[in-house]
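Working notes, structure below.
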There are 2 protein chains.
Amino acid sequence: MSKRQDLGSYGQFCPVAMAAEVLCSRWTLLVLRELLCGTTRFNDLRRGVPLMSPTLLSKRLKELEKAGVIAAVPTAQPGVFEYRLTEAGEDLRPVVMSFGSWGQRWVESSLSLRNLDPSLLMWDMRRRLDVTPLPLRRCVINFLFPEVNSAKRSWWLVVDGGSVDLCATNPGFDIDLFVRSSLRSMTAVWMGVSTVQKEIEARQIELIGDKDLAHSMQQWLGLSLFAKEKSRVSP
Amino acid sequence: MSKRQDLGSYGQFCPVAMAAEVLCSRWTLLVLRELLCGTTRFNDLRRGVPLMSPTLLSKRLKELEKAGVIAAVPTAQPGVFEYRLTEAGEDLRPVVMSFGSWGQRWVESSLSLRNLDPSLLMWDMRRRLDVTPLPLRRCVINFLFPEVNSAKRSWWLVVDGGSVDLCATNPGFDIDLFVRSSLRSMTAVWMGVSTVQKEIEARQIELIGDKDLAHSMQQWLGLSLFAKEKSRVSP
DNA sequence: CAGTATCCGATGCGATACTG
DNA sequence: CAGTATCGCATCGGATACTG
């Protein structure tokens, strides 16, 4: 009805309805999650929502811009933008967090763990990795998921001077720590439904290399934002 | 992919994604808003989402049941149910509240006020009316929206012994207070973006009848759950 | 009243290819 | 790399009618 993306198809003045018009379309909340994590570039956003088509992402970004949630700021290259949250967008953090907290509390982890994806996991881990327990020198950690097909089987996290890089091809540095794990176990640890220790004991994770790095893994592995939220699903 | 309503179409283990699968379909959040306000019966739910088809409401209720958010408990009449939130459903309150709070803060009220609906407004007012400032005897308040077509122009709130009834046809009681208002002004007051006093001064609301009732209107009118949230939209 | 069945149309969205 | 253009299906959801 209204010009701005039909901000009235529910026909209700209730602010819940108005917010739902903006936020409750497919993929939108996940794009916002990525933006709230600090991602600003189109193809970086895509890494966070790999199953979303670029066409649809482009469309959603325009919608969010129209809704006043993000601003597309031009870069040096013409036609290329950085997508930044406006104040209204930044204020969506509690909304997205409430979704995640609820999901962590009430969706069975066995269901979540059906959606394994090494790229997503590594991309998340890169973002949340905590460098404080790590030595100041460059550290290279290699993750190997034996059951995954070759292209996504092996990953390298290169931590250097506080910055973290993720590589899907061998960067050639010496490896400080080898992590060999089932994808499911590593994801479970990341989500906070298991721990490094437990998975090592269950022989699902194997660490080879620097002892200190190995012992502090539960620390430097930052874990998901929602890892501390306890499941409330009755078993 | 999974049997339970394809709880994996985003292909992500992230709890935000899992929650979005359950919650981010059309009308779902508004149905939940109604349930959280205490509504349990099919046709009462419909009053809260009048533009939603009964077929779709039925479908959504089944989905929510499958997701473990509500339970359909049989009533005395066979085939008739009460829809009650489970613990997981009750725990969605912060999610819905965060939507409403954000909407109230960031959606221009001029946009919300394009979606005027006297039935929705009165249905909401009935629910939130605060009986404590009212006398113990029966009180009948008549609302008149002159510009609205006849069927939805006149409404009666009958407050008696702590219970509030809403009638769209004259119940026949003596009227204690007549409220004559533009629908827009009454809605604006309800939403907290104006006040009874202001609208009276602007000659948009006119009160005739019991002086005490008239003076305490801003009190007994409960206002929307989000009325206290201040708009942050730059003017 | 409390829903269900059926139909059908719009459009949301996915797939693919293409451009600067 | 950073998106846009086009196509076409599938499904979502709206309208209407119907049942116990």
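Lettering of chains follows the sequences in order, A, B, ..., and the numbering in each one begins at 1. Heavy atoms only: backbone and side chains are in, while hydrogens, waters and symmetry mates are out. None of these values were measured; they are calculated from a predicted model.
- Residues A/Arg126 and A/Arg47 have side chains not in contact (no heavy-atom distance under 4.5 Å, counting atoms from C-beta outward).
- Of the charged side-chain nitrogens involved, at least one lies within less than 4.0 Å of a carboxylate oxygen, so that B/Arg60 and B/Glu63 count as a salt-bridged pair.
- One finds the CZ atom of B/Arg105 at 5.5 Å from the OG atom of B/Ser101 (value rounded to the nearest 0.5 Å).
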Intra- and inter-strand pairs of DNA chain D in dot-bracket (Watson-Crick or G-U wobble, both distances under 3.5 Å; | for another strand): ||||||||||||||||||||
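- The pair A/Arg127-A/Asp124 meets the salt-bridge criterion, with a side-chain N (NZ, NE, NH1 or NH2) lying under 4.0 Å from an Asp/Glu carboxylate O.
- Between the side chains of B/Ser9 and B/Glu21, a donor-acceptor pair is found at a separation under 3.5 Å.
- Under the 4.5 Å side-chain criterion, counting only non-hydrogen atoms from C-beta, A/Leu92 is not in contact with B/Trp106.
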Show me the donor-acceptor pairs, under 3.5 Å and distance only, between side chains in residues 70-89 of chain A and residues at least two apart or in other chains.
{"residue": "A/Thr75", "atom": "OG1", "partner": "A/Gln77", "partner atom": "N", "Å": "3.4"}
{"residue": "A/Thr75", "atom": "OG1", "partner": "A/Gln77", "partner atom": "O", "Å": "3.2"}
{"residue": "A/Thr75", "atom": "OG1", "partner": "A/Val80", "partner atom": "O", "Å": "2.9"}
{"residue": "A/Glu82", "atom": "OE1", "partner": "A/Arg84", "partner atom": "NE", "Å": "3.3"}
{"residue": "A/Glu82", "atom": "OE1", "partner": "A/Arg84", "partner atom": "NH2", "Å": "3.0"}
{"residue": "A/Thr86", "atom": "OG1", "partner": "A/Gly68", "partner atom": "O", "Å": "2.7"}
{"residue": "A/Thr86", "atom": "OG1", "partner": "A/Val69", "partner atom": "O", "Å": "3.0"}
{"residue": "A/Thr86", "atom": "OG1", "partner": "A/Ala88", "partner atom": "N", "Å": "3.3"}
{"residue": "A/Thr86", "atom": "OG1", "partner": "A/Gly89", "partner atom": "N", "Å": "3.1"}
{"residue": "A/Glu87", "atom": "OE2", "partner": "B/Arg232", "partner atom": "NH2", "Å": "2.6"}

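- Within the structure, every side-chain polar atom (N or O) of A/Arg41 is placed at least 4.0 Å from both OP1 and OP2 of D/dC1.
- Closest approach to the A/Val80 side chain among D/dC1, D/dG3, C/dT4 is made by D/dG3 (side chain taken as heavy atoms from C-beta onward).
- Remark: P of D/dG3 and CG of A/Leu57 are 9 Å apart, rounded to the nearest angstrom.
- Closest approach to the A/Phe81 side chain among C/dG3, D/dG3, C/dA2 is made by D/dG3 (side chain taken as heavy atoms from C-beta onward).
- Within the structure, every side-chain polar atom (N or O) of B/Lys62 is placed at least 4.0 Å from both OP1 and OP2 of C/dG3.
- Atom CD of A/Glu65 and atom P of D/dG3 are 11 Å apart (whole Å).
- Distance, B/Gln77 CD to C/dC1 P: 11 Å, rounded to whole Å.
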Shorter than 3.5 Å, N or O on both sides, protein versus nucleotides 11-16 of chain C: list them out with atom names.
{"residue": "C/dC13", "atom": "OP2", "partner": "A/Arg60", "partner atom": "NH2", "Å": "2.3"}
{"residue": "C/dG14", "atom": "OP1", "partner": "A/Arg26", "partner atom": "NE", "Å": "2.8"}
{"residue": "C/dG14", "atom": "OP1", "partner": "A/Arg26", "partner atom": "NH2", "Å": "3.3"}
{"residue": "C/dG14", "atom": "OP1", "partner": "A/Trp27", "partner atom": "NE1", "Å": "3.3"}
{"residue": "C/dA15", "atom": "N6", "partner": "A/Thr55", "partner atom": "OG1", "Å": "3.4"}

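- A 4.5 Å side-chain heavy-atom check between B/Asp174 and B/Val140 finds every atom pair outside the cut-off.
- Taking the side chain as every heavy atom from C-beta outward, B/Tyr10 and A/Arg26 approach each other to under 4.5 Å.
- In this structure, the CG atom of A/Leu45 is 9 Å from the P atom of D/dG3, given to the nearest Å.
- As a whole-Å value, the separation of A/Arg46 CZ from D/dA2 P is 11 Å.
- As a whole-Å value, the separation of B/Phe42 CZ from D/dG20 P is 17 Å.
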